[in-house]
Every structure is written in C-alpha cells, then in structure tokens.
Amino acid sequence: MKFGETFKEYLHGDQEWFLDKFSHVEYKRLKKVLKSCRICQVLHDSNKKTEQLDDEKNPTFSQFCQCQSCPVCDQMFFTELMREATDIAGCFSSRVRHLLHLHVATGMQRYVLRLRQCFKNDQQALVQEGRMLIEYVTMNAIAIRKILKKYDKVHSSVNGKNFKSKMRAEHLELLQSPWLIELGAFYLNFNGSDGGEFIQFSGSFACDLNATEPVMTLMLPNSIKLEYDLTCAICLETVFNPYALTCGHLFCKPCACSAASVMIFQGIKATGPDSKCPICREAGVYANAVHLLELDLLIKRRYKDYWKERLIAERAEMVKQSKEYWESQTKYVIGY
C-alpha cells in the first residue's frame, strides 16, 4: 500500500476522534501541487529543444521556462509545510506536557489524582493517549519526509533536503523532540512499577543505564529506531536532573547552569539570551529548555545509588553557592 493511502487510513481510522483536535500534514493537497508541477515539467522538457531553436517566434514556450523555478512551490509549498510542521510540533509538545504533568503531579494536585484513582483508574487512558501521540508524531514526520523527497524528485533539486535542514535548524524536526524521550521514559516507568498490562507496548522501548555509554532506544511505528545518548557532555556521567536545551542536547542541571554561568538555585531559566550550548555553541537555547522529569524518575528507579549520590552532591553544591552568593550580596550592601 502506498503511503498516501496509509496516511489517509490513519487520519480517518479509529483515532479520528483524537486527531480532529490536532493539526496534520495536508499530504494529499501538497501532492496535488507537485503533480501539477510534474505535468508542467514534462511539457517543459518535451518542448525544450524547440524552444531553444525558435524562442522568439514562439513566446508560448517561454511560459514553460517559468515552471523551472516553480513559483507555486516556492511561494506556497514550503511556506505551508513550515506552518504545518510548526503547528504539529506545538500540538505534540503541549499534549505531551499535559499528559506527563498528570503522571508526575506534585502537592495537592497529586493528592487529588490519587484520591480520584480510588474510584476511577486513569492509568490505562494515560498510556493509550501516549501511544496515540507517538503514532501521531511518527506518521506526520514520515509524511513530511515523503513529500520533501517527492519534491526533489519532481524538480530534480535539493531544495527538499535544504528545507529539512532548515527545519532542523529551527528545531521543528519532529523526531528530535525531547518530548519523545519523556514519552519513552513514561512508558518504561509504567512498565517498571505498574505491572504487566503495559509491557507489550513498552517492549518497544529500552534503556540501558549500566552500559559504558548509557542509551535509550525507542522503536517507533514503521520500524523507525531512535537512540538517545544519556551521557552528559560536561561531567561525562549519566545525566542527573536532566534538561534538554532547545538545540536538543542533554545536560545535568548543575552542568548546564555552570556552563551558562548561573547558580544552581537560580535555575536554567535565569540564563541570559546570549548563553550558548556547550556543544553546538548555539545561542538562546536555554530559555525554552525542557526539564525531563520522567527521565529523571527512570534513572532514580533503575540507578538508585548513583541518583542518591548525585542528589547529595547537588544539594551540597547548591548550599555552597547560596552561601557564597548571599555573603557577596551582604558585603556589597554593607560595604565590607
């Protein structure tokens, strides 16, 4: 079955009620645009020699030359696809954030949710929504990849590849979202604590923290395999209290704060707009950093001694930094 038919079945299948709330790639419509470009390109190629011989006498043929620059695609195709990718990334991150917030709720909200579970078990619903979100982002990522590949084939260009690089630079590459890491950790946490009813789907995810290079592996629909290195590039240890910067790189909170020249108790959000990622040196990547709470919970459960050791070290460093900071502030105010 061709992907267009598969994607149509997905959009109008059992999950249609769920997908109605989300944006998606207008694959069929974009394909029609490329089809019209392909017809125009065939006419252009068939008349290319004639046009070269008698261009002035046959101005009609010169119209086909305009299609080589593809004004329709240049003005509408990529703009529309960028808008759709932005909407999809926004929908995915907001829904995953809401889903995981219910799972790792704290304070009074956690108490209310626990009380509610005495009368109604929502865990299966949470897992089901997580599964649909994973399928949603995967299918749309494949649709974008397919349509860009088709664009390059029709126009014999590399503009599709360049557009994909642009999406990656603007952090719209769907399968590089840190929220996928959180969903993977979410399933592994359920599988480890809540028993066998989730084990079938969680089997697609694995996390080896005892290896020389700790890694999380996600097997997504359509045989897509993603691997995430869980080693902090600064301390070279398994990430603790991890944050994913906008550029996609993972760091421990203390390491990220140190790299951005802020104190741990101030937090990642206290960094300035000029702070750069220690790896790729991209600026402005701290403002929208994602706190990977599910991944931290997974490490806490599977690597208890290491997690406890790092927690003690972080608290000691935080107390030390706080003391030094307030001593310096006192000296500044008093004058000695």
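We number each residue from 1, following the sequence as shown. Predicted model, so just to flag it, every value in this text is computed and none were measured.
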Taking atom types as modelled, is there a side-chain donor on E129 or H98 under 3.5 Å from an acceptor on the other? no
What's the spacing between I181 CD1 and E294 CD if we round to 0.5 Å? 12.5 Å
So, using salt bridge (Lys or Arg N to Asp or Glu O under 4.0 Å) as the criterion, who are the partners of R97 when residues are at least two apart? none
Side chains of L292 and V239, heavy atoms from C-beta outward: is any pair under 4.5 Å? no
For L174, does its backbone N or O pair with a side-chain atom of S177 as donor and acceptor, under 3.5 Å? no
Listed partners of K31 passing side-chain contact (heavy atoms from CB on, under 4.5 Å), at least two apart: Y27, I147, K150
Determine yes or no for a side-chain-to-main-chain donor-acceptor pair under 3.5 angstrom, with Y306 supplying the side chain and T238 the backbone. yes
Would a distance-only check, ignoring hydrogens and angles, find a side-chain to backbone donor-acceptor pair under 3.5 Å from N189 to A185? yes
Looking at CE of M167 and OG1 of T86, how far apart are the two atoms once the value is rounded to the nearest 0.5 Å? 8.0 Å
Using a 4.5 Å cut-off on heavy atoms from C-beta on, say whether the side chain of F205 contacts that of L183. no
My understanding is that only residues two or more places apart in sequence, or in another chain, count here; which of them pass ring pair (Phe, Tyr, Trp, His ring centres under 6.0 Å) with Y228? none
Sequence neighbours excluded, which residues qualify as side chain to side chain donor-acceptor pair (under 3.5 Å) partners of H24? none
If you define the side chain from C-beta out and look only at heavy atoms, does anything of V137 sit under 4.5 Å from F22? no
Donor-acceptor contact present, side-chain K28 to main-chain E5, <3.5 Å: no
Taking the side chain as everything from C-beta on, heavy atoms only, tell me whether K161 gets closer than 4.5 Å to L148. no
Are the side chain of E237 and the backbone of C232 linked by a donor-acceptor contact shorter than 3.5 Å? no
Quick check against the 3.5 Å criterion: does D152 have a side-chain atom that pairs as donor or acceptor with the backbone of N159? yes
Can a donor-acceptor pair be found, under 3.5 Å and without considering hydrogens, that links the side chain of D296 to the backbone of N241? yes
Contacts of R281 meeting salt bridge (Lys or Arg N to Asp or Glu O under 4.0 Å) (sequence neighbours excluded), chain-then-number -> none
Y325 and F265 aromatic centres sub-6.0 Å: yes
Drop me the distance from L11's CG to K8's NZ, to the nearest 0.5 angstrom. 10.0 Å
Atom NZ in K164, atom CG in N162: separation rounded to 0.5 Å? 12.0 Å
Mind checking whether M139 and T6 have side chains closer than 4.5 Å, heavy atoms only? yes
Atom pair CG (N288) and CD1 (I268), whose distance is rounded to the nearest 0.5 Å: 12.5 Å
Using ring pair (Phe, Tyr, Trp, His ring centres under 6.0 Å) as the criterion, list what pairs up with Y286, not counting sequence neighbours. none
Taking the hydrophobic residues Ile, Leu, Val, Met, Phe, Trp and Tyr, and joining any pair whose side-chain heavy atoms are under 4.5 Å apart, which ones share a cluster with V158? none
Is there side-chain contact between Y136 and C91, with heavy atoms separated by less than 4.5 Å? yes
So does L298 get a backbone contact from the side chain of Y303, meaning a donor-acceptor N/O pair under 3.5 Å? no
Any side-chain to backbone donor/acceptor pair from K225 onto L220? Under 3.5 Å, distance only. no
Sorted by chain and number, sequence neighbours left out, salt bridge (Lys or Arg N to Asp or Glu O under 4.0 Å) with D87 holds for R83
Kindly work out whether a path of hydrophobic side-chain contacts (I/L/V/M/F/W/Y, heavy atoms less than 4.5 Å apart) joins I224 to I144. yes
Any residue meeting ring pair (Phe, Tyr, Trp, His ring centres under 6.0 Å) with F240, in chain and number order, not counting sequence neighbours: W307
Partners meeting salt bridge (Lys or Arg N to Asp or Glu O under 4.0 Å) with R310 (sequence neighbours left out): none
For K323, which residues count as a side-chain contact (heavy atoms from CB on, under 4.5 Å) partner, sequence neighbours excluded? E327
Determine, using the 4.5 Å side-chain heavy-atom cutoff (strictly less than), whether V290 and Y243 are members of one ILVMFWY cluster. no
Hey, could you give me the CG/NZ distance between L245 and K276, rounded to the nearest 0.5 Å? 14.5 Å
Measure from the side-chain N and O atoms of E84 to the backbone N and O of S23, and report whether any donor-acceptor pair falls under 3.5 Å. no
Can you give each donor-acceptor pair under 3.5 Å made by side-chain atoms of residues 247-261, sequence neighbours left out, with the distance rounded to 0.1 Å?
none

